[in-house]
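Some notes on the structure that comes next.
A, B, ... follow the sequence lines: proteins, then strands. Residue 1 opens every chain.
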There are 2 protein chains.
Amino acid sequence: MNQRTKIKDIARVAGVSTATVSRALSDSSLVTDATREKVREAANQLNYRTNVRARNLRIQKSMAVLLVVRNMSNPFYLEIFKGVEAVARAAGYVLLMGNTEDDPEREAEYFDMLQDGQADGMILMTGAVPDGHAVLQPESGLAPIVVALEAVEDCDLAHVQIDNQAAAKRAVDYLQSLGHRRIAHICGPLPEILGRLRLDGYRTAMAEAGLEVPDHYAPVGDYSSQSGRECCASLFDRADPPTAIFAANDEMAFGAISELRRRGLSVPEDVSVVGFDNLFISESYSPALTTVNQPRIEIGQTAMTMLLDIISARQSAPQTLEMPTELVVRQSTGPAPQ
Amino acid sequence: MNQRTKIKDIARVAGVSTATVSRALSDSSLVTDATREKVREAANQLNYRTNVRARNLRIQKSMAVLLVVRNMSNPFYLEIFKGVEAVARAAGYVLLMGNTEDDPEREAEYFDMLQDGQADGMILMTGAVPDGHAVLQPESGLAPIVVALEAVEDCDLAHVQIDNQAAAKRAVDYLQSLGHRRIAHICGPLPEILGRLRLDGYRTAMAEAGLEVPDHYAPVGDYSSQSGRECCASLFDRADPPTAIFAANDEMAFGAISELRRRGLSVPEDVSVVGFDNLFISESYSPALTTVNQPRIEIGQTAMTMLLDIISARQSAPQTLEMPTELVVRQSTGPAPQ
DNA sequence: TTGAAAGCGGTACCAT
DNA sequence: ATGGTACCGCTTTCAA
């Protein structure tokens with residue numbers, strides 16, 4: 001590095017004190033226009049750039065937010081990243097990525113970073129919170145954490161989420177409206193709240209319609225397309241296979257469709273398939289996938305906006321915001337076969 | 001924040017100086033085991049956590065690397081993120097995300113951040129470098145930048161890339177080996193080097209096989225599936241349509257396939273399609289997509305490893321590493337129709 | 001081996 | 001409105 005010019009250099013050139021330079025540069029109203037101009041000029045001339053680290057140390061902020069996910073390479077997160085990034089950036093914050101791989105130690109590390117002031121806030125997209133972590137019990141105010149798309153119970157944390165149960169129910173209702181009665185659900189992992197909520201929605205819809213749900217009609221996958229394939233196979237290896245499948249996410253729906261094709265069944269003529277998430281690729285899948293859309297960019301933006309409100313103490317009680325979902329009907333669903 | 005305990009508090013409790021505490025905590029060989037132990041204990045008892053910002057200010061490092069992409073929500077980057085993150089993390093670095101949206105101002109901002117020491121290094125996945133930026137002319141050594149998957153010419157920068165031209169040629173060779181002679185290429189944007197290299201590979205393969213390439217056989221898309229659909233339509237709206245399509249990325253290949261379906265053509269019976277990238281979803285697409293695999297995780301890991309070498313001055317000359325690609329043959333390609 | 005003290009580069013309080 | 005200066009919390013000379 002070159003000898004970076006510092007505030008002291010400007011002070012010397014402009015013939016003022018460092019205090020004045022600092023004030024002039026931060027547009028304080030405590031300096032005359034004349035001095036401000038003089039300082040500005042000196043700064044320009046010297047090619048000054050403020051040392052962010054030094055400032056942050058002094059003002060006790062890091063101007064960084066931590067975005068923590070279970071698995072960085074889950075395509076679902078992409079647009080959330082983007083939404084968060086846009087708002088963070090506009091507010092002068094940088095984005096630190098955290099990837100836990102479901103490892104509790106890593107989880108804890110990110111909470112530590114937050115407490116240590118390496119980040120001013122955190123957007124958490126894993127359901128797990130190390131319990132009793134100091135950061136969760138700030139003496140004053142709300143912990144600077146927003147939980148997105150997951151639900152952490154027994155914690156006073158801000159949330160932005162969708163109504164998974166209702167969205168799932170709507171998807172199944174739609175299949176019923178097409179005449180389907182034998183509808184199966186490929187679940188996400190059931191220890192996780194998301195998987196349970198979507199399963200609940202499915203069960204509710206079936207119960208309200210007075211439809212039986214055979215025991216084996218809710219196989220459990222892990223959100224991978226491979227697991228979708230396997231769950232689908234398990235459904236069609238038995239008598240009385242379904243005429244429609246509602247998968248807990250798009251990837252499993254893709255897996256199911258490819259398994260159906262492999263068995264010579266066509267979608268949607270023989271079997272209808274609905275996904276959940278509306279991944280970027282669902283529209284160009286063939287057949288284009290009917291699925292539940294989550295407004296991911298908006299979710300990211302909203303989460304970051306809430307976080308900013310908490311950080312700046314504009315918000316002091318944990319708020320829960322619910323974002324709207326919608327069923328996007330495409331080509332993977334059709335009338336139940338006779 | 002609680003009154004965080006600092007090194008001074010430990011010094012008081014342990015009955016030593018702050019200097020000794022600092023040394024003890026950083027495992028300096030200049031302290032007796034006894035003192036080290038004493039200090040450790042005091043630190044534990046006081047629940048001490050080191051203030052990373054203060055240390056970084058002092059040692060003039062940020063322990064952060066900047067990962068700059070054109071578009072954060074491009075699924076292609078996912079596994080690169082992951083590879084970079086793993087290596088960065090293991091080395092004690094945090095990952096800062098940069099998203100340029102192809103805006104030169106934003107590009108420049110990230111270079112500024114690097115120069116300002118907000119990050120110790122940068123992995124650049126946009127082809128653009130603000131020319132003459134100070135960071136590119138360090139008085140000593142190499143700029144702490146690794147260009148991944150793009151090529152920046154006229155710059156002494158480290159690169160990790162693949163042989164786009166050869167990979168494209170291999171894909172087309174394969175189609176030819178299946179008996180295809182009318183092979184079209186859906187290009188990526190041609191101002192960009194990547195798009196040009198893949199087009200070159202295509203042309204070379206065709207030329208070497210002595211095959212004509214009609215003018216309209218290389219429509220230009222923008223890597224979106226929508227553009228793939230349109231390019232495909234343009235090919236089949238004319239007489240003498242191709243029997244095989246090589247798309248410059250998977251998303252355009254998906255678009256092409258869905259357009260072919262719409263026209264009642266089946267893949268691969270009527271038309272074969274090859275993509276490029278091997279996105280996570282290509283395998284579960286139906287038909288599963290034949291495509292060129294890029295070792296994305298390894299690319300991320302390699303780029304980050306190179307960056308660490310540069311940062312620690314283990315590496316002083318710009319190096320270019322080439323990662324291997326392979327053609328993954330799946331179900332979207334088959335023998336040319338008679 | 002240990003301690004005192006000088007910074008790292010800013011910001012903000014207290015005078016004037 | 002401006003200047004002097006303490007301080008953010010740590011690391012690292014320099015002396016002892």
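Sorted by first and then second residue, the side chain to side chain donor-acceptor pair (under 3.5 Å) pairs with a member in residues 41-53 of chain B read A:Asp116-B:Arg49; sequence neighbours excluded. Sorted by first and then second residue, the pairs that involve residues 300-309 of chain A and meet side chain to side chain donor-acceptor pair (under 3.5 Å), not counting sequence neighbours, are A:Asp309-A:Arg314.
Partners of A:Phe111 according to the ring-ring contact (aromatic ring centres under 6.0 Å, His included) rule, which considers only residues two or more places apart in sequence or in another chain, are A:His133. With sequence neighbours excluded, no residue forms a ring-ring contact (aromatic ring centres under 6.0 Å, His included) with B:Tyr223. Judged as a side-chain hydrogen bond (donor to acceptor under 3.5 Å, both in side chains), and not counting sequence neighbours, A:Gln118 has no contacts.
Of the N and O atoms on the side chains of A:Asp102 and A:Thr100, not one donor lies less than 3.5 Å from an acceptor on the other residue. Residues B:Ser62 and B:Asn56 bring no donor and acceptor atom of their side chains to less than 3.5 Å of each other. If you check the side chains of B:Tyr77 and B:Lys82, you find no donor sitting under 3.5 Å from an acceptor.
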Intermediate values then yes/no, side-chain contact (heavy atoms from CB on, under 4.5 Å), A:Asn99 and B:Arg89: CA-CA 10 Å; A:Asn99 187 26; B:Arg89 173 191 168 69; over 6 Å; no

Could you please spell out the steps behind the side-chain contact (heavy atoms from CB on, under 4.5 Å) verdict for A:Met125 and A:Leu67? CA-CA 8 Å; A:Met125 304 212 286; A:Leu67 186 48; 4.2 Å; yes

Is there a side-chain contact (heavy atoms from CB on, under 4.5 Å) between A:Thr20 and A:Leu30? Walk through the geometry before answering. CA-CA 9 Å; A:Thr20 302; A:Leu30 292 172; over 6 Å; no

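Partner of A:Glu150 under the side chain to side chain contact (heavy atoms under 4.5 Å, CB included) criterion, out of A:Ile193, A:Thr126, A:Leu124: A:Ile193 alone.
Sparse packing is recorded around CG of A:Asp156, with 12 or fewer heavy atoms of other residues, nucleotides or ligands lying under 6.0 Å away. For B:Arg40, the CZ atom sits in a packed shell: over 12 heavy atoms of surrounding residues, nucleotides or ligands are nearer than 6.0 Å. Counting non-hydrogen atoms of neighbouring residues, nucleotides and ligands closer than 6.0 angstrom, the CG atom of B:Asp27 exceeds 12 such neighbours.
For DNA chain C, the outermost nucleotides in 5' to 3' order that have an atom under 4.0 Å from a heavy atom of chain B are C:dT1 to C:dG9. Between chain A and DNA chain D, the heavy-atom contact criterion of under 4.0 Å yields a 5' to 3' nucleotide range of D:dA1 to D:dG9.
The minimum heavy-atom distance between B:Ala64 and B:Leu96, with the atom names listed, is CB-CD1, 3.9 Å.
Contacts of residues 29-39 of chain A with DNA chain D (heavy atom under 4.0 Å): A:Leu30, A:Val31, A:Thr32, A:Thr35. Across residues 40-66 of chain A, A:Leu57, A:Arg58, A:Gln60 each have a non-hydrogen atom less than 4.0 Å from an atom of DNA chain D (numbered order). Contacts of residues 9-24 of chain B with DNA chain D (heavy atom under 4.0 Å): B:Ala19, B:Ser22, B:Arg23.
Annotation: the terminal axes of the helix from C:dT1-D:dA16 to C:dT16-D:dA1 meet at 40°, where each axis is the rotation carrying the C1' atoms of four end pairs onto the next four (5 pairs per end, rounded to 10°).
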Using a 3.5 Å cut-off and no angle test, enumerate the donor-acceptor pairs between side-chain atoms of residues 6-14 of chain A and protein atoms at least two apart in sequence or in another chain.
unit_1: A:Asp9; atom_1: OD1; unit_2: A:Arg12; atom_2: NH2; d: 2.8
unit_1: A:Asp9; atom_1: OD2; unit_2: A:Lys6; atom_2: N; d: 2.7

